[in-house]
Every structure is written in C-alpha cells, then in structure tokens.
Amino acid sequence: MLVDVDDNRVIAIRGDRNNPVSRGFTCPKGRFAGQMMHHTGRLRTSLVRDRNGAFKPVAPTQAAKHIGDTLTALMARHGPDCIAMFLGTQGIFATLTNPVARSWFAATGSRKLFSTMTIDQSAKWVTAGRMGEYLGGRHGLSDADVWMLVGTNPLISVNGGAGDGVLMQTPSASLAAARNRGLKLIVIDPRRTETASRADLHLAPKPGHDALIFAGLINIILTEGLHDAGFCRDFAKGLGDLHAAVRGVTPQQVADRSGLSPHELIEAARLFARGPRGSVSTGTGVCMGPHSNLTEHLAMALNVICGRFLREGEVAPATAVLGPLAVPRAQVAPPSRSWQSGYTSRLGAGLIRGEMPTNLLTDEILQSGSDRVRALIVSGGNPALALPDAAKALKALTALELLVVIDPYLSETARLADYVIAPTMAYERADHSIHLEKYFPFPYAIQAEPLVAPPPGVIEDWQFFWQLARSMDVPLPLGGAPIDMQTMPSSRDLLAQLAQNGRVAPDQLAAAPHGLCPPDRLIHVAPALDDAQHHRLDLLPSDVASELQAMLASHDHGHTMRLIVRRMREVMNSVGREVDGLPRQPYNPASMNPGDMKRLGLCEGKRARITSVHGPIEVIVKSDSSIRPGTVSVSHGWSSGSDGHSMSANVNALTGNDDAMQAINHMPQLTSLPVEIAPLP
Ligand SMILES: Nc1nc2c(c(=O)[nH]1)N[C@H]1C(S)=C(S)[C@@H](COP(=O)(O)OP(=O)(O)OC[C@H]3O[C@@H](n4cnc5c(=O)[nH]c(N)nc54)[C@H](O)[C@@H]3O)O[C@H]1N2
Ligand SMILES: Nc1nc2c(c(=O)[nH]1)N[C@H]1C(S)=C(S)[C@@H](COP(=O)(O)OP(=O)(O)OC[C@H]3O[C@@H](n4cnc5c(=O)[nH]c(N)nc54)[C@H](O)[C@@H]3O)O[C@H]1N2
Ligand SMILES: [Mo]
C-alpha cells in the first residue's frame with residue numbers, strides 16, 4: 001500500500017503498482033483503513049463496566065491485572081477448562097496477536113480454544129484428518145489447464161482456490177491471464193457470481209446438492225476411465241470402493257435432484273478430467289452446506305483421482321521467507337483423526353487441530369457440568385453476530401461470569417463485555433508478512449513500520465496478552481524461545497523472534513521498505529522417505545461411506561425458497577458497515593431473482609420478512625437476475641437495530657446449532673436453508 005499521512009492522520013491509501021505481489025490491486029476495505037482508524041466510533045481507551053452497568057475508562061495494565069486475578073480465581077475453583085478463548089478473523093491482520101494469544105492460552109492449561117475456522121471451512125481439516133494429506137503440494141493456477149471453483153467467489157472474497165497465491169493476490173487479473181493462455185474455468189454456484197461470469201462453464205444448481213454433484217462427477221470420470229490410475233496406485237487406497245459407492249449416481253439422477261442437465265454435468269466431468277493440470281477447490285458455499293464434511297471429502301477425492309498434485313522432481317514456489325522452509329515430499333501423511341484421541345469435552349466434542357468446535361461454544365457456556373465455560377476472552381472477533389442461533393448466542397454471552405473483548409470498536413459483542421480492551425489498528429503498529437507468505441505466488445517478504453502514532457490510551461493486541469500472562473504468572477514462549485516477562489519487549493524484537501528460522505535477517509528486511517524477493521524462488525519436490533512409502537490417502541473411510549449412503553437416501557422437503565451465504569465486497573464480515581461511503585447501502589439487502597419477487601409480491605427496495613424454523617428477520621429486497629430462482633442471497637455480519645438501521649438484519653436469527661449438524665466438527669448448516677419470504681407493509 002502507498003499511504004499519505006498528514007498531521008498524524010491517514011489521508012489516502014492506494015495500491016502500489018510496483019509491488020511484485022499485489023501489482024497495485026487493493027480492495028475497498030483496504031483503501032478505507034484510514035476512515036476505519038479515525039472513525040468516531042473508534043475506542044481510544046479501554047473500558048470496564050462499573051457497578052451500575054455503565055462503561056468507564058480503565059488503564060489496560062490495571063484491566064489486565066484484574067482480569068488475570070479473576071481468571072486465576074475461577075480456575076482455582078473450577079479447573080482450567082472454565083476459561084475459553086475465541087479467536088476471530090481480525091487477529092490475522094496483526095502478526096503478533098494470534099501467536100502471543102495462543103501462547104498465553106496454552107499456558108493456562110485450558111482446552112477450550114475456539115476460532116472462526118470451525119464455523120467456516122473446517123470441513124477441510126476434517127477431510128485432511130480422515131483422508132490424510134499429500135505432502136508434495138497441489139497444482140498451481142499459473143500453469144493449470146483447468147480450474148474448478150465450487151461455492152466460492154474469489155473475485156469478491158479474495159479467497160478460494162485452496163490458498164493458491166496467484167489467485168489470492170490478484171484474483172481478477174490472474175484469472176484473466178490464465179484464461180488468455182487457454183485455462184478452462186468451471187464454476188459451480190447457484191448465483192452467476194463475479195467469478196462465474198468469467199467461467200467457460202458455469203453450473204448453477206439448486207443449493208445444497210454439492211455432495212451429490214461431486215459423487216456424480218467422480219462416477220463419470222471413473223466409469224469413463226478418465227482418472228489418473230498411476231497416482232491412485234502410488235498414493236491412494238479405496239478407489240474400487242469409491243467407484244462402487246458412486247456407481248448408482250447417474251448424471252440423470254444428479255440432474256433430477258439438483259436442477260442441472262445431465263449433459264452439463266458430463267461436460268464438466270470431462271473438461272476437468274482432461275486437464276492434465278488443474279485443481280478443484282471449494283469455499284463457504286460448500287463447507288456451510290448440508291453434508292459439508294462428505295462434500296469436501298468428495299471434492300478432495302476428485303483431485304486425488306485426477307492426480308492433481310506435484311510429483312517428485314517437479315517444482316513449487318519456495319514461498320517461505322520469514323518462516324521455516326518445509327521441503328515438499330512426494331508422500332502421504334496418513335489420516336490422523338485427532339478428535340478420536342485426547343481431550344473430549346462433556347458435550348462429546350474432541351479437538352481438531354487443537355481447537356474445539358465453535359458451534360458448541362454457546363452450549364459450553366450454557367449447559368451445566370464440571371468443565372462449563374465461565375469466562376471468555378474474545379480477540380478480533382464478533383461472536384454475537386458470527387455464531388449460529390443469534391438469540392442463544394446473546395443468552396450465552398450474557399450468562400458468562402467474565403467476558404473480555406479486545407476490539408477497536410464497541411461491537412455487538414463488546415457491548416456485552418465486562419472489559420473492552422482498545423487495541424491499535426493497522427498503520428499504527430510494526431508488522432511483517434510471515435503469516436501471509438504462504439499465500440504469495442513466489443517468495444516475498446515485507447516489513448511495515450508504524451506510520452501514525454496510536455491514540456495514547458490504546459495498546460497492541462499482543463501487549464494485552466503479555467500483561468495478562470504476567471499478571472497470572474505464566475510463561476509465554478514465542479517461536480520456541482521464551483519472551484522476557486520482566487520488561488516488555490518491543491514489537492520489532494518479537495517480530496524478529498518469530499522470523500528467527502527464516503532466510504532473511506531482520507536488518508535485511510528493514511533495509512527494504514518495498515519488500516524483498518529472495519533469489520531461490522523454486523523448490524523441488526523431494527522423493528518419499530523410506531518409512532512413508534506405504535502411506536496412502538484414504539478415499540473412502542467407513543464413516544465417509546455411511547455419510548454418502550445417508551446423503552443419497554435423503555430427500556428435499558420441497559420448500560419454496562432457500563437462503564444462501566454470500567460475501568459483500570465492501571464489508572469484511574461485520575467490519576466496515578459503519579464507515580460512510582464504504583458499503584453500497586447502509587443495510588443488509590436480500591438479493592432475489594426478479595421472477596421470484598413477482599411471484600411472491602415483493603418489490604425492489606421494499607421491506608420483506610424472511611422466516612426459517614428458528615424465527616424471522618426483516619430485510620430490504622434487492623432485485624438481482626444473477627441469482628438462481630428459488631434462492632435468496634443474504635450476507636452475515638449485520639445486526640438488527642443496534643447499528644442504527646432497523647433493516648440491518650442478522651442472518652443468524654435464521655440459523656440454528658442443530659441444522660444438519662455434522663459429526664466431528666459439529667458444523668451446522670448455514671447455506672441452502674429452507675425459508676419463507678413475504679412482503680411487509
Ligand atoms: N469482501 C469480502 N471478502 C471476504 C469476506 C467478507 O466478508 N467480505 N470474508 C472472508 C471470510 S471470513 C471468508 S471465510 C471468505 C469466504 O470466501 P468464499 O467462500 O469465496 O465466500 P463467498 O464469496 O461468499 O462465496 C461463496 C459462494 O457460495 C455460493 N453458494 C451458496 N450456497 C451454495 C451451495 O449450496 N452450493 C454452491 N455450490 N455454492 C453455494 C454463493 O452464491 C457464493 O457465491 O471470504 C473472506 N473474504
Ligand atoms: N450465517 C452465517 N454466519 C457466519 C458466516 C456466514 O457466512 N453465514 N460466516 C462465518 C465465518 S466464515 C466467519 S470467519 C465468521 C466471522 O466471525 P468474526 O471474525 O468473529 O467476525 P468479524 O465481524 O470479522 O469480527 C471481527 C472483529 O474484530 C474487530 N477488529 C478489527 N480490527 C481489529 C484489531 O486490530 N484488533 C482487534 N482485537 N480487533 C479488531 C472488529 O471491530 C470486529 O468486531 O462468521 C461466521 N458466521
Ligand atoms: Mo471466515
């Protein structure tokens with residue numbers, strides 16, 4: 001970014017056309033970071049609730065002392081698992097926040113760690129745990145022949161494509177360049193999204209049928225013998241079982257249920273299988289759907305049967321610069337099923353990648369039992385809006401004995417807190433790119449210096465966790481080395497400590513204000529180690545086979561309308577709503593096909609009520625012919641009333657914890673939800 005600063009204020013932000021990674025691409029939220037920092041709603045001091053329930057300013061050190069004392073007392077009485085932490089999405093944008101927060105939390109001994117990942121695309125973690133993982137890396141977009149995106153819209157979300165660096169940094173330009181050299185883009189999405197409008201083949205099925213569609217695609221490819229038999233033999237098992245399990249899923253059957261035509265399904269299967277290089281990846285439209293864990297497993301199985309992975313001797317971008325370089329290997333890490341061993345909470349949930357399922361957070365707080373959550377620390381998240389079943393989320397967050405929220409605004413969650421810690425924001429803190437580098441197309445690193453002085457009352461997120469650790473007298477290792485707990489280190493020291501196993505020295509990085517590209521750009525995929533040669537990817541473990549049978553036996557219940565998820569270009573979840581000139585409208589519209597609007601008596605810009613089995617929300621209707629008839633597309637992250645606009649509907653008033661809840665990650669269904677819609681006077 002190129003930032004104009006005047007009188008300690010960010011005046012303007014532009015993309016840097018000379019930057020090799022972004023080439024000047026920015027998103028509106030990034031360009032508005034100055035308005036977000038200097039917004040009237042920005043907290044300039046931390047807050048504590050007084051006896052009358054009103055907020056009053058508190059010094060962060062004093063807050064950390066009191067919070068530490070309360071947590072220590074609670075843990076002494078109820079054991080460590082009575083305290084929980086929720087890590088939201090904004091923690092990612094300050095490099096030190098999550099490592100220091102996690103280090104403090106690990107030191108408490110509590111296992112109640114929650115993050116947004118388990119209410120997002122944790123089907124990907126489940127799939128890796130059940131199938132195993134190929135460690136040589138996936139095909140990349142830059143030399144792919146075919147690319148399939150299912151339930152993801154990277155042109156808006158800058159997500160999707162399994163973190164492919166070429167796609168994520170410059171989605172529009174990269175897709176255009178790839179298509180100009182002949183890449184075929186296949187998109188499966190009930191909406192003709194910005195991404196789908198660039199596709200060579202766009203399949204617009206009824207929502208919620210992706211598992212069936214993937215089963216159908218796999219059946220066509222295996223029946224026609226279009227798969228990569230060599231890769232399957234060397235790296236996978238269960239191919240015959242998988243084929244037998246999907247053999248009955250004919251193109252006609254898929255078409256009848258999903259609203260596609262048999263020949264577009266066959267065309268998609270053949271186009272994808274022809275490759276020879278490419279990849280299929282999914283996003284929230286799949287991972288929030290019914291049968292989400294099965295669907296993700298089948299999506300990955302499609303990559304496996306088509307051999308869409310790098311082989312021994314091929315090259316991958318060596319993107320690790322500040323972090324340690326892991327050598328890609330042509331071998332399989334076998335299924336781990338972490339949730340089957342180790343800690344299980346009284347609600348029956350095991351840990352996935354060290355985390356508890358976020359959909360269970362409210363019951364962890366509300367249901368009695370020895371390991372009930374009594375105190376919650378929220379870092380960079382807004383669970384009052386992000387959690388399914390909004391009413392239950394509110395009930396749970398207010399039932400806590402202690403709620404601490406670190407947030408630069410009085411978010412819907414912060415308003416419920418006992419303490420709100422006011423942190424610095426981007427351009428007020430030193431930072432570097434260690435966590436982002438795996439999403440870069442080639443090795444690149446950059447370090448940023450603070451450009452403006454923060455308001456005097458705020459601290460960096462990590463500093464709060466340092467103070468908390470000190471107050472609770474627990475150690476705080478970072479990157480394998482201890483942090484000084486007597487004198488607070490500088491952010492720069494800690495950033496250097498995090499990057500100590502990287503390949504550039506801190507002073508090299510500091511001397512390159514526009515970032516640097518180290519010379520070794522590529523790394524070869526190494527041969528398998530001897531003791532790993534027998535490991536195989538499991539294409540059809542028995543629980544996946546049962547989920548497949550259950551999916552095939554399930555029926556639609558013939559609801560008139562289905563609600564589907566979406567991202568807004570100008571808003572990041574709940575962030576940016578309040579900034580003048582950023583969102584296109586100061587409310588959360590419900591986009592619908594004009595034909596449905598006519599049929600249901602709805603008018604553009606007029607009020608309507610959407611009702612699910614969990615309750616109603618009020619919305620303003622927006623006509624959008626890109627949406628498949630029978631679906632209504634509404635974003636999340638807006639609240640009803642509290643942001644000053646009565647039509648800013650919280651979509652999670654329509655969702656529940658138990659809707660098609662998955663085993664393992666306890667993920668509920670958040671897309672393809674049956675709803676009814678009626679006009680309001
Ligand atoms: N501008 C912006 N960018 C963001 C965010 C944001 O709020 N705003 N949020 C960030 C976060 S936290 C995340 S997790 C990522 C998410 O990134 P993505 O997963 O790419 O999110 P979306 O852009 O909503 O794309 C989901 C797509 O799924 C489609 N869909 C819905 N239901 C179904 C279905 O049943 N089947 C199929 N096949 N498709 C379906 C929707 O129409 C939509 O186009 O985006 C990140 N980036
Ligand atoms: N129905 C439905 N529900 C959903 C989704 C959906 O598609 N549909 N999507 C789900 C997904 S994928 C996600 S990721 C979650 C989003 O869940 P969250 O990450 O919990 O939600 P955000 O709204 O992004 O909250 C970010 C918070 O961080 C604050 N913040 C901004 N900058 C900073 C900073 O520098 N430091 C700190 N400490 N805080 C900061 C913001 O003010 C905001 O309150 O929602 C989930 N819920
Ligand atoms: Mo997310």
Side-chain angles (χ1 to χ4, degrees), residues 27-29 36-37 41-43 86-94 97 101 115-117 119-121 149-161 187-196 203-210 213 258 282-290 295 358 378-388 390 405-414 421-426 428-429 460-461 464 562-578 626-628 631 633-637 650-655 668-673:
C27 77
K29 306 176 293 302
M36 293 193 196
M37 283 165 68
R42 167 86 191 272
L43 293 178
F86 177 83
L87 298 175
T89 43
Q90 288 289 324
I92 311 164
F93 297 107
T97 304
S115 83
T116 46
M117 182 60 184
I119 200 71
D120 184 340
Q121 293 164 66
L149 295 168
V150 188
T152 178
N153 184 17
L155 256 54
I156 294 299
S157 68
V158 201
N159 209 273
V187 172
I188 306 183
D189 196 307
R191 183 161 72 93
R192 189 170 176 80
T193 59
E194 293 77 358
T195 312
L203 273 52
K206 292 182 194 166
H209 289 83
D210 302 283
I213 292 167
S258 68
T282 68
T284 50
V286 160
C287 295
M288 294 184 172
T295 316
T358 284
V378 174
S379 171
N382 194 0
L385 297 189
L387 296 178
V405 177
I406 308 152
D407 203 299
Y409 300 100
L410 261 190
S411 69
E412 286 75 3
T413 311
I421 306 299
T424 53
M425 296 184 77
E428 295 171 344
R429 55 197 177 206
E460 290 194 41
D461 289 81
F464 171 70
R562 296 267 168 174
L563 177 98
I564 59 172
V565 292
R566 78 177 301 144
R567 257 72 193 154
M568 275 186 199
R569 190 196 293 271
E570 297 81 9
V571 174
M572 168 78 180
N573 302 319
S574 72
V575 180
R577 284 170 296 165
E578 60 291 317
S626 74
I627 292 173
R628 188 191 156 92
T631 54
S633 168
V634 190
S635 195
H636 63 292
N650 179 1
V651 86
N652 276 320
L654 299 173
T655 63
Q669 184 180 336
L670 303 176
T671 196
S672 190
L673 278 189

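Start at 1 and go down the list; that is how both ligands and their atoms are numbered. What you see below is based on every heavy atom in this structure, not just the backbone, and it leaves out hydrogens, waters and symmetry mates.
- The nearest heavy-atom contact from the protein to atom 42 (O) of ligand 1 is Asp189 OD1, 2.7 Å.
- Counting heavy atoms closer than 4.0 Å to ligand 1, residue Thr671 contributes side-chain atoms (C-beta onward) but none from N, CA, C or O.
- Here Lys29 has side-chain heavy atoms under 4.0 Å from ligand 1, and that is the only part of it that gets that close.
- Looking only at heavy atoms of the protein, atom 2 (C) of ligand 1 is closest to Met568 O, 3.3 Å.
- For ligand 2, the polar-atom distance check against Thr284 finds no nitrogen or oxygen pair separated by under 3.5 Å.
- Regarding atom 33 (C) of ligand 1, its nearest protein heavy-atom neighbour is Gly285 O, 3.4 Å.
- Near Gln121, meaning under 4.0 Å from any of its heavy atoms, are these atoms of ligand 1: 14 (S).
- In terms of protein heavy-atom proximity, atom 47 (N) of ligand 1 is closest to Ser157 O, 2.8 Å.
- For atom 39 (N) of ligand 1, the nearest non-hydrogen atom from the set Gly576, Ser258, Pro190 belongs to Pro190.
- Every atom of ligand 2 is numbered from 1 in the order shown, and the set under 4.0 Å from a heavy atom of Asp120 is 12 (S), 14 (S).
- Here the heavy atom of the protein found nearest to atom 26 (C) of ligand 1 is Gly151 O, 3.2 Å.
- For ligand 1, the atoms sitting less than 4.0 Å from at least one non-hydrogen atom of Gly208 are 34 (C), 35 (O), numbered in the order shown with element in parentheses.
- Using a 4.5 Å cut-off on side-chain heavy atoms (C-beta onward), Thr671 and Thr284 make no contact.
- Ligand 1 places these atoms under 4.0 Å from at least one heavy atom of Arg569: 1 (N).
- Near Ile188, meaning under 4.0 Å from one of its heavy atoms, ligand 1 places the atoms 38 (N).
- Taking every heavy atom of Val565 and a limit of under 4.0 angstrom, the matching atoms of ligand 1 come to 31 (C), 41 (C), 42 (O), 43 (C).
- Within the listing of ligand 1, atoms 31 (C), 32 (N), 42 (O) sit less than 4.0 angstrom from a heavy atom of Ile564.
- Nearest-residue assignment for atom 27 (C) of ligand 2 (options Ile119, Thr116, Thr89, Asp407; heavy-atom criterion): Asp407.
- In terms of protein heavy-atom proximity, atom 25 (O) of ligand 1 is nearest to Asn153 N, 3.4 Å.
- Ranking the protein heavy atoms by distance from atom 8 (N) of ligand 1 puts Val571 O, 2.6 Å first.
- Distances from atom 32 (N) of ligand 2 to the heavy atoms of Glu412, Met37, Met36, Gln90 put Gln90 nearest.
- Protein heavy atom nearest atom 12 (S) of ligand 1, with residue, atom name and distance: Asn573 ND2, 3.3 Å.
- Scanning Ala414, Pro408, Gly380, Ala386 for the heavy atom closest to atom 15 (C) of ligand 2 points to Ala386.
- Relative to atom 7 (O) of ligand 2, the option among Glu428, Arg567, Arg577 with the closest non-hydrogen atom is Arg567.
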